[in-house]
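Working notes, beginning with the structure itself.
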Amino acid sequence: MARMLIVDDEALMRRLIALCLKDLGHDIRQAGDARAGLAALAEAPADLVFCDVQMPGEDGVWLTGQIRNRYPMTAVILMTGLSTKAPATHMQKGVLACLVKPFRAKELIDATAIALRWVEDLESAGPQPDDVGDKLAEWLESLDLN
């Protein structure tokens with residue numbers, strides 16, 4: 001069972017993602033904006049954070065930067081409703097995937113599996129936190145996802 005945090009200003013989107021992931025047996029928490037998400041992480045760290053890119057106030061790219069600085073071993077999956085932003089946000093250091101809304105449950109489950117595999121590999125290899133972002137791109141390339 002993994003600990004996950006869903007950060008999205010759309011309550012319905014948070015609930016749908018939470019329902020899908022709870023069915024897989026994960027511990028799910030939710031936050032409605034980036035600052036609330038950061039506060040939730042301070043209370044209880046997460047293995048994986050799902051973060052909407054576009055939110056009022058601080059956006060998901062800001063939150064991802066905060067997570068990378070404070071919780072470097074936490075996996076991040078970005079979500080966006082703007083398909084033109086997906087490639088740029090996915091390339092951000094420390095982001096495992098970018099899901100374009102609306103996405104299918106299978107896409108969510110597949111991205112979650114990859115992210116949890118990353119967390120598991122990090123825990124077993126024990127890299128130093130400052131190495132995490134640099135090793136992510138190399139690790140993603142090494143996966144045989146076909």
Side-chain angles (χ1 to χ4, degrees), residues 1-22 24-103 105 107-143:
M1 177 177 75
R3 298 163 298 163
M4 300 181 186
L5 174 64
I6 303 163
V7 183
D8 196 314
D9 58 314
E10 297 177 40
L12 179 59
M13 179 61 72
R14 288 194 315 266
R15 282 193 295 262
L16 290 171
I17 294 168
L19 284 172
C20 184
L21 297 173
K22 279 184 182 178
L24 299 175
H26 300 298
D27 176 30
I28 309 297
R29 292 177 296 135
Q30 301 177 37
D33 62 55
R35 292 209 178 266
L38 199 55
L41 287 171
E43 287 177 21
D47 299 308
L48 172 57
V49 175
F50 292 89
C51 184
D52 188 21
V53 172
Q54 223 172 332
M55 295 182 285
E58 304 295 350
D59 65 14
V61 175
W62 176 86
L63 179 57
T64 300
Q66 297 296 312
I67 293 169
R68 290 284 58 84
N69 289 333
R70 298 177 191 200
Y71 311 99
M73 306 266 293
T74 299
V76 177
I77 294 176
L78 290 177
M79 305 175 295
T80 182
L82 305 172
S83 61
T84 57
K85 286 205 173 200
T89 54
H90 183 265
M91 294 309 292
Q92 183 179 345
K93 195 175 192 177
V95 174
L96 279 145
C98 187
L99 299 173
V100 178
K101 297 176 185 176
F103 46 84
E107 292 173 275
L108 175 68
I109 292 166
D110 289 349
T112 300
I114 291 169
L116 293 180
R117 190 165 151 195
W118 164 250
V119 169
E120 188 176 291
D121 285 356
L122 277 181
E123 288 173 354
S124 65
Q128 297 299 312
D130 59 344
D131 293 334
V132 172
D134 295 333
K135 292 183 178 183
L136 179 59
E138 182 181 314
W139 182 85
L140 284 170
E141 287 177 15
S142 74
L143 292 179

_Give me the atom names and distance for the closest heavy-atom approach of Arg14 to Gln30._
CB-OE1, 3.1 Å

*asked:* I need the Leu21 CG to Met1 CE distance, nearest 0.5 Å.
replied: 13.0 Å

*Gap between atom CD of Gln66 and atom CG of Leu41 - 0.5 Å precision*: 10.5 Å

*Nearest 0.5 Å, what's the CG-CZ distance between Leu108 and Phe50?*
5.0 Å

_So, using salt bridge (Lys or Arg N to Asp or Glu O under 4.0 Å) as the criterion, who are the partners of Arg3 when residues are at least two apart?_
Asp47

*Can you tell if the side chain of Trp118 reaches within under 4.5 Å of the side chain of Leu122, non-hydrogen atoms only?*
yes

*Hey, what do you get for CD1 (Ile17) to CG (Leu99), rounding to the nearest 0.5 Å?*
8.0 Å

_Exercise: identify the closest heavy-atom pair between Ala75 and Leu96_ = CB-CD1, 3.2 Å

*Excluding sequence neighbours, so at least two apart, what forms side chain to side chain donor-acceptor pair (under 3.5 Å) with Asp27?*
none

*In this structure, which one of Leu63, Val7, Ile67, Leu48 forms a side-chain contact (heavy atoms from CB on, under 4.5 Å) with Val76?*
Ile67

*State, to 0.1 Å, how close Ile6 and Ala18 come at their nearest heavy-atom pair, and which atoms those are.*
CD1-N, 3.5 Å

*Drop me the distance from Met4's CE to Leu116's CG, to the nearest 0.5 angstrom.*
4.5 Å

*With sequence neighbours left out, what residues match Ile109 under side-chain contact (heavy atoms from CB on, under 4.5 Å)?*
Cys20, Leu24

*Check Val49 against Ala46 and note the closest heavy-atom contact, atom names and distance.*
CG2-CB, 4.3 Å

*Listed by chain and number, what are the side-chain contact (heavy atoms from CB on, under 4.5 Å) partners of Ala44, not counting sequence neighbours?*
Arg29

_Minimum side-chain heavy-atom gap Asp110-Phe103 below 4.5 Å_ = no

*asked:* Using the side-chain contact (heavy atoms from CB on, under 4.5 Å) criterion, which residues pair with Ala36? Sequence neighbours excluded.
replied: Ala31, Asp33

*Under the side chain to side chain donor-acceptor pair (under 3.5 Å) test, which residues partner Lys101, sequence neighbours left out?*
Asp8, Asp52

*With Glu58 via side chain to side chain donor-acceptor pair (under 3.5 Å) - residues at least two apart*: Arg35

*Please identify each residue that fulfils side-chain contact (heavy atoms from CB on, under 4.5 Å) with Glu120, with sequence neighbours left out.*
none

*From Met79 CE over to Glu107 CD, what is the distance, rounded to the nearest 0.5 angstrom?*
13.0 Å

*If every non-hydrogen atom of Pro72 is compared with every non-hydrogen atom of Asn69, which pair is closest and at what distance?*
CD-O, 4.4 Å

